[in-house]
Protein chains: 4
Amino acid sequence: MNTKTSRSQKKEQTKALLISTAYEIFSERGIQAVRMSDIASAANVSHGTVFLHFNTQEALIAEVVQYYCRQIAACTHELSEGCHTLRELLSAHLEAISKYELFYKRLVIESRMLPIEARDAFIAIQSALSFHFSLVLEKEDVPSLPASILFNMWMGLVHYYLMNDDLFAPQGQVIARYKTILTDTFLSLLEKESHPRITN
Amino acid sequence: MNTKTSRSQKKEQTKALLISTAYEIFSERGIQAVRMSDIASAANVSHGTVFLHFNTQEALIAEVVQYYCRQIAACTHELSEGCHTLRELLSAHLEAISKYELFYKRLVIESRMLPIEARDAFIAIQSALSFHFSLVLEKEDVPSLPASILFNMWMGLVHYYLMNDDLFAPQGQVIARYKTILTDTFLSLLEKESHPRITN
Amino acid sequence: MNTKTSRSQKKEQTKALLISTAYEIFSERGIQAVRMSDIASAANVSHGTVFLHFNTQEALIAEVVQYYCRQIAACTHELSEGCHTLRELLSAHLEAISKYELFYKRLVIESRMLPIEARDAFIAIQSALSFHFSLVLEKEDVPSLPASILFNMWMGLVHYYLMNDDLFAPQGQVIARYKTILTDTFLSLLEKESHPRITN
Amino acid sequence: MNTKTSRSQKKEQTKALLISTAYEIFSERGIQAVRMSDIASAANVSHGTVFLHFNTQEALIAEVVQYYCRQIAACTHELSEGCHTLRELLSAHLEAISKYELFYKRLVIESRMLPIEARDAFIAIQSALSFHFSLVLEKEDVPSLPASILFNMWMGLVHYYLMNDDLFAPQGQVIARYKTILTDTFLSLLEKESHPRITN
DNA sequence: AATGAATGAGCTTTCATTCAT
DNA sequence: CATGAATGAAAGCTCATTCAT
């Protein structure tokens, strides 16, 4: 039994290695663009080993994406919990995303072309944030607009910058670069005494 | 010359047929997912004929996307020209998009994975709208917020719904379904006397 | 009838044009490497026209090679006729070849991969020279060695330099460059009072 | 390690099988004329396997030609080493070639149309012989003619017979058939007291 | 459990040849 | 006669997946 345990431990280790290796490569090169053998060689295991742990390429993608999406969701959740204001929450969100920026960007770009489970996992991150968003919105003195639209507006905005990161931040780090302005602008729109108007 | 004309007319017809056939299939199945031979058989021409008109698959994708992006941009432009208010403009935008909805959605989903020319053509549509957006914004009494962010917020919002159309409108027609609420909500945020507040 | 005549004259003209165009391209790029459409466009006729004059690519190659091989043979013959000495004949031979050097080189390189008629035509050039070679050899006071071998030795030598022209004369013009030394050396070997010996 | 060894041994075996199979087919049908799938099926492996061992068709041709050219060069070298006279050397040369006759003939015919590495490998065989030729020539009491031309004359002569083997020896085996006469004739030309003359 | 050689379906691209105009 | 668009048989190459060791 000891043997079995150490064996399966070893197996789990290898699987974990494959998952984290895939994460790195996916972040760098994109998800669809990576071949199974690329992951194998990057992880220093044999090509066949990848199939020992994942029946198909689809399964591997699904698992890797699920694994990291759960992490991102958890991270988002954690950073969001202490937030009492929308500003805090938005910052927390961007902070969470920026920890996984490259990978998250790939998900934004490719999610619709991935196996359904991967897509679902990606959506789940958004649900996690959505929950906190609703909570905070209730507390704040905020316009009586559909919360879901406001949330989607924020998500859309952030994803738009990630999707076009090459245009907005050719040097990389879109989130860091636009963090403040995105947050500020979004919040301004929600503020009561609105904004200074440009009156002709 | 008459002969020549009818000959090359025929050729142009075939090319046009291929472009419109590709458009249909791309709209239905996605762009990356389609094989050259699919287009050939859908257009009822031989496999080789496709290569007579487009040197490579990449060239075909580029041409088809450019062709329709120009149309979408032109349509956007045309519908935008008469617009004096932001509301009119946003409606015009959604109207333009909804005419090409399935294809446009594919672009939203796949643009970053397409040949660079295709991506550029897609971006060009956004530039076209951006121009009118700026014009209208100047006229309106609007908060002194960065116009570009406001524009990107709108684009992000619309693309977010298109990207996730299967979640927002499983029956199809996301744009038609969310047209009003998206426009209204977006405009509300920009309005002076803001919005009724939810005060606890 | 006049029409017919002028028609078929035109046709013959076109065919002649195709043959000479093919000759030029074959000389430059090799025979096997050239596509039917290359010849058509170089001759400023349509792709289909080539097939009007030559049923197949093989037929075209055969005809072109035959046509020019006959010319080369005739030229060789003509230049050989006045020759009374072997030296004169060898010079005549090289002179004939050098007029068609690029094309002749292609034949040396590719003859065995061409349609049988083309190969035969190429061989016929050698037969033509062979005839004069025998004639001259009889007149000269030459070693009683098998004339055919001597002839083949000369042919082999010349072809060896043509086959490896890129090594022997990277700037081109192998024949011009080695004309003298090849002739001299070959003749020296046949001379009675032989050659100065290197005696240790 | 034992496992690894037997595994990679197997792989090497397969590669060796492919190389020798290619050699056989090339010898029979020519080099350019053979498709990758021909080699696969002749070797009883799948089409894909060929590409496991050789990245491209060009690479395969290069490797196969290099492999056998090295063997031929080595064989030539080996047989040449004991030779003290030119006669011995020429015989050794022909013996070496005749062991690989069909393949060598293909090289003579196609060398200029093959990948550059293949051509170079073929040239290297000639360099190997050239070395011994020079050595022997120095020892012999031989006319003070350019050694390189004499060498090229011999090579040209042999290649001429190989190139036209179908004419010289329709039953095959040109080398065997002309071995003696070629050697004798070539040597006669180099002999001091030359040759009996045919005096009119 | 791990290996990595082997598999083969699948896809793009080329080009000689045909044929309607 | 000439045209050139259309055809479709090849062929090379890729890569997820399998399986014997």
Find which nucleotide of DNA chain F each of D:T56 and A:T56 is nearest to by heavy atoms, and output the residue with the more 5' nucleotide.
->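 Taking each residue's closest nucleotide, the earlier one in sequence belongs to D:T56.
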Would you kindly compare D:G48 and B:G48 by the position of their nearest DNA chain F nucleotide and give the one closer to the 5′ end?
->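 Comparing both residues, the 5'-ward one is B:G48.
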Give a yes/no answer on whether the side chain of [X] brings an N or O atom under 4.0 Å of OP1 or OP2 in [N].
| X | N | answer |
| --- | --- | --- |
| D:T14 | E:dA6 | yes |
| D:K10 | E:dA5 | no |
| C:H53 | F:dA2 | yes |
| B:T49 | F:dA6 | no |

Between [atom2] on [N] and [atom1] on [X], what's the gap in Å once rounded to a whole number?
| X | N | atom1 | atom2 | result |
| --- | --- | --- | --- | --- |
| D:Q9 | E:dG4 | CD | P | 15 Å |
| C:H47 | E:dC19 | NE2 | P | 15 Å |
| B:N55 | E:dT13 | CG | P | 9 Å |
| A:M36 | E:dA6 | CE | P | 21 Å |
| A:L18 | E:dT3 | CG | P | 10 Å |
| B:R35 | F:dT14 | CZ | P | 19 Å |
| B:F51 | F:dA6 | CZ | P | 15 Å |
| D:K11 | F:dC19 | NZ | P | 20 Å |

Only one of A:V64, A:I123, A:I125, A:D120 passes side chain to side chain contact (heavy atoms under 4.5 Å, CB included) with A:C69, and that residue is A:I125
Does C:F26 have its ring centroid less than 6.0 Å away from the ring centroid of C:Y68?
->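 Ring centroids of C:F26 and C:Y68 are no less than 6.0 Å from each other.
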Within the 6.0 Å centroid threshold, strictly below: D:Y67 and D:Y23 |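 That pair fails the under 6.0 Å test.
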Side-chain touch D:I61/D:F54, heavy atoms, less than 4.5 angstrom |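 Side chain of D:I61 against side chain of D:F54, heavy atoms only: no contact under 4.5 Å found.
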Name the pairing partner of E:dA5, where a pair is Watson-Crick or G-U wobble with both distances under 3.5 Å, or state none.
-> F:dT18
Let me know, please, whether D:V45 or A:N44 comes out on the 5' side of the other along DNA chain E by nearest nucleotide.
-> A:N44
Residue D:Q57, side-chain atoms from C-beta onward, closest of F:dT3, F:dG12, F:dT17 = F:dG12
Nearest listed nucleotide, side chain of C:L52, among F:dA2, F:dT17, E:dA5 = F:dA2
Can you name the closest pair of heavy atoms from D:E110 and D:I31 and give their distance?
-> OE2-N, 2.8 Å
